[in-house]
Every structure is written in C-alpha cells, then in structure tokens.
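Only this structure's heavy atoms are used, side chains among them; waters, hydrogens and symmetry mates stay out. In listed order, ligands and their atoms are each counted from 1. Note that this is a predicted model, so its numbers are computed, not measured.
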Amino acid sequence: MQYNFIANQPTASSSDRRIAVIDPSDGQVFDELQRSDAGDIDAAVVAARHSMDHGWGRLTAAERGRMLMRLSNKVAEHAAELALLEQRDCGKPVKQARADATALARYLEFYAGACDKLHGETLPYLDGYSVMTWREPHGVTGHIVPWNYPMQIFGRSVGGALAAGNTCVVKPSEDACLSLIRVAQLAAEIGFPSGTINIVTGYGHEVGDALARHPGIDHISFTGSPSVGTLIQQVAAERHCPVTLELGGKSPQIVFADADLDAVIPTVINAIVQNAGQTCSAGSRLLVEQSVYEPLLERLGAAFAALRVGPAAMDLDVGPLIRESQLTRVGEFLASARDAGIATVAQGQVVADAPSTGYYQAPTLLRDVPVQHKLAQLEVFGPVLAAMAFTDEDQAVALANATQFGLVAGVWTRDGGRQFRMAKRVRSGQVFINNYGAGGGVELPFGGVKSSGYGREKGFEALYGFTTLKTVAVRHG
Ligand code: NAD
C-alpha cells in the first residue's frame, strides 16, 4: 500500500478509498494508492505553508542549494531502485527508466547550483532614490504531473520551484505515483524541513481539481493534456492564480534533401519510439523534401520493421503503453488511417513472449498523411509516425506550422542560411538543427506556443516563472 507523503510522514487519506496500481507490461495489479480528496490537499497545503514560514522559506539561497545537492546525490545513490519503480509503474524499458532517474538527479544538481545565482537588479531612477527589484518565491506551489515522465517532470518543476524558495504540493498522475512518493521520502531522510515536498495521490477530477482550486496554492505548474490545461486555467482564473502550462505537441521533423540521412534515421526513430511515443516532444510528424522522400521512407521502413516491442524488463526498443485505454486510443487512430486509405510503410514486432494482457503497440510508419487528417493534427501519444512530402521551404514551413501545437521542431539541412530561416519561421518553443533533443536539455528553457502551453520550465529561465518580482523604491534625500 502506498500512502500520501505529507509533512515528512506517510499519511493515509481521510477518504479511505484506494486506486489499484497496474503493471502495463502484464496488466496485473501489484499495489494500491490512496484515492485522496480535498481534505488531504488541505492537509498538504497547511504543511507546505508551515515549511514556507518556518522551514524551507527560512533557509538562505546557499542552504537551499546544499539541500538540493544532497537530494541529487541521494537520488543518484537510489537510481536503480527508483528506475525499477517506474519500470513497473509506467512500463518503461530498463534503459529508459534508468535514464529518467539520472535525469532527475541532474535536474536537482542544476537547480542546486542555480539557487544562489538568482537575483534582482538595481535601476536608475530619480535623483535621491535607489530602486531595486527582488525575486521572491510565490509561496506554496502546486505541481500537477502526468504519467509519462514522472521523475523528469518532478525534477524540472519541483526542482525549479524549490530552488526559487517555494514549497510544493505535488499531485502525480493516478497512473504513475510510486517513484515520486519515494523521492519525497528520500528528501525527508536527508533532512528536508517537514512540509517542503508533499505528495497527494488520486484522480485528476477529484484531487487535482481540489489542488487547482485551493486558495492556499500560490502558483500552479501543470504538465498534461491541452484539454485539462484549459480546465486548470479556468479554475485558476477565478482567483487570479498564476499558472505555467506544459501541454502537448505534434512536433515536426523537417528533412531537406541535403541532410545527412545517416544521422536523420536513428534520431527520427528514437524521437517517436522513446517511451513508446508517449512523449510530449515526440517527433510525430515527418516532413521530407520530395526528392529524398522515397529513399528515406525505404530506409526508415526497414528500421521500423526491425523494432521489437515487449515487457519493460526485457529492455527492448519499445515497452508497453501506459494503460488499456491508451492502447485502444492508439488503435482508433490507426483504424481511422486505414479508413482514410493512408498506407502503412512498416510496423515493428511485438515479441512472442509478451504477455497478452500487456498493452503493446507495434511502432507504425504511415505515409502521405493528408495535412488535415487527425494523424497529422492530433497527439496520438503512441509510436506512430506520420510522413508527408514537401516541395520547397515555404511549403515545409506551412506544413510545420499547420497544427494547433508548437512545442519542438527538428530541422535537418546542411545549408546554413536555411537553418536560420527555418528556425525563425517555424512556430515552436524549441528548434533543433541537425539533432533532436540531444543531451536531454536540462539546461535549455522548454515550453510551448499556441496549444502547447505557455511559461518555461527547465534551465535558469524556469526560476523567473517560479518567482514574482517586487520593486522596492527608497527615497534617501
Ligand atoms: P492529463 O491531462 O490527463 O493528466 C495530467 C495530470 O492532470 C494528471 O496528474 C491528472 O490526474 C491531472 N488531471 C486530470 N484532470 C484534472 C482536473 N480536472 N483538474 C486537475 N488535474 C487534473 O495528461 P496525461 O494523459 O497524464 O499526460 C499526457 C499529456 O501530457 C499529453 O498531452 C502530453 O503531451 C502532455 N505532456 C506535456 C509535457 C510538456 O512538457 N509539454 C510533458 C509531458 C506530458
């Protein structure tokens, strides 16, 4: 049984209701969570406020940095244990789960170092005045986390908020809580003040909604779907609570004829099959200049056909999807492609010994997907790549910008002028030229435009979102 973690203690929900924890690799229940309610959010907010006033909020920036560095080291020591939790909870192949634990340690390391580098400015003003700006924490921050990368999203969101001096109430996805409960325990073990990191589990429409509405929450960081992002904005608007929204994507990989196809192929594949395509920044659209369209699809098709899908513990190219309803949803997208006469270039293989009760989807490469079809417009959140051809730069830009999203784009060309023209003309929060997300990007500001959200997490930029600016004007005669 997993309990909430409030005021540095495992805490049973007052509701006494449970949620089953299912292993996506075999569809079997292996644990239980608290199905918390608004009363549990209340308790977590009280604890977080107490730490703001008497614990974390009283530490100097340097002390916060040292605590975060200790947590980073502790996470690194427990990386194998944390990875195993996400492997089981989320169906992540071993390599991916380990990479996520390593990324969490790195986020905490980055934000540990950033704590005492964040400062305001002095401003020229009237004669006899001194004016300065202070960067102050919001106070108690709420963090609503999705199931696809719990540790990474906790690292960038909670790491940044803590570095800026806030305390946190975290609502993980009902489908992926185990690693975050353990990280909060580790923080308590190394001496984080009680109430600094609180974890409350439960359903979004119950406890997530209660968190977003709570008058004691001073800032909300939401990572999830655009539709829930809309609800969060509406709820937060009622009390003018600031919000950072990290929503979905339909990110294009744009390949020109002069690109190095040997570099394109593995990167394009990884960008759509990593975490079984359940990645906000998945490169889910492939836009290819007409003259290399056929040769590239032929090579990509061969590589897709060789991809193997199976249980997380087998550590193959692709693991299961998170839950049965997600498998059904991806299946419906593929059925709609078949109905529209969209051709499949190739599919990977689910290995024979994968349990039939697991949620396995073979990676699929589709070709000539019409720009208005939902496979070219909507987030599938599965390992499905939609390819289409373009004839020139203008058409590439038009196709790239033809969705409601704008999170990440990849541009592949050796032409220096085109690299910069494309980077300017494509509407998205990040543009990668001749790479795609290389190095993980802990240091690089991340976030969207349009329906991909607003505000930035990752990098130093995140600290501006997790603080509010106070201007202090002193008249000294
Ligand atoms: P989701 O929106 O269904 O859920 C996200 C979180 O919101 C969960 O914790 C859920 O319990 C909670 N929630 C649901 N309804 C709520 C409500 N009414 N009020 C408050 N909270 C509520 O998303 P998901 O299915 O968990 O994750 C997949 C989505 O997340 C995709 O759209 C993906 O692109 C997006 N995502 C974005 C980023 C990014 O950084 N841009 C990163 C990861 C995932």
Of the listed options ([options]), which comes nearest to [atom] when hydrogens are ignored and any heavy atom counts?
atom	options	answer
atom 34 (O) of ligand 1	E379, E457, Q234, H205	E379
atom 22 (C) of ligand 1	G204, S451, G448	G204
atom 40 (O) of ligand 1	Q152, H143, K458, R156	R156
atom 2 (O) of ligand 1	P150, S225, G224, G208	S225

Proximity of [X] to ligand 1 by residue part, where a heavy atom lies under 4.0 Å:
X	answer
F381	side chain
P172	backbone
D175	neither
E206	neither

One thing to verify: whether [Y] and [X] come together as a salt bridge, which I'm taking to mean a side-chain N less than 4.0 angstrom from a carboxylate O.
X	Y	answer
E32	R18	yes
E461	R456	no
D100	K95	no
R308	D317	no
E443	R106	yes

Next item on the list: Apply the side-chain contact (heavy atoms from CB on, under 4.5 Å) test between N4 and each candidate in T201, I199, N198; give the one that qualifies.
Entry: T201

Next item on the list: List the closest protein heavy-atom neighbour of atom 39 (C) of ligand 1: residue, atom name, distance to the nearest 0.1 Å.
Entry: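 Going atom by atom, the protein heavy atom closest to atom 39 (C) of ligand 1 ends up being C280 SG, 3.2 Å.
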
Next item on the list: Measure the distance from atom 37 (C) of ligand 1 to every protein heavy atom, then report the residue, atom name and distance (to 0.1 Å) of the closest one.
Entry: L247 O, 2.9 Å

Margin query: Does E324, at its CD atom, have more than 12 non-hydrogen atoms belonging to other residues, nucleotides or ligands within less than 6.0 Å?
Written below: no

Notebook entry, point to check: Given side chains that start at C-beta, do those of Q419 and T413 come closer than 4.5 Å, heavy atoms only?
Noted result: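 Heavy-atom side-chain distance check passes, below 4.5 Å.
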
Note to self: Tell me whether R323 has any N or O atom under 3.5 angstrom from an N or O of ligand 1.
What the structure shows: no

Which atoms of ligand 1 sit under 4.0 Å from any heavy atom of [X]?
X	answer
V145	6 (C), 8 (C), 9 (O)
L231	18 (N)
E174	10 (C), 11 (O)
V228	2 (O), 13 (N), 14 (C), 15 (N), 16 (C), 17 (C), 22 (C)
F446	39 (C), 40 (O)

Checklist line | side chain to side chain donor-acceptor pair (under 3.5 Å) involving S452 - partner list, sequence neighbours excluded | finding: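 In terms of side chain to side chain donor-acceptor pair (under 3.5 Å), with neighbours along the sequence ignored, S452 is linked to no residue.
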
Notebook entry, point to check: Hey, does the Lys NZ or Arg CZ of K117 hover above the aromatic six-ring of F460, less than 6.0 Å from the centre and inside 45° of the axis?
Noted result: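 No, cation not above the ring by the 6.0 Å, 45° rule.
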
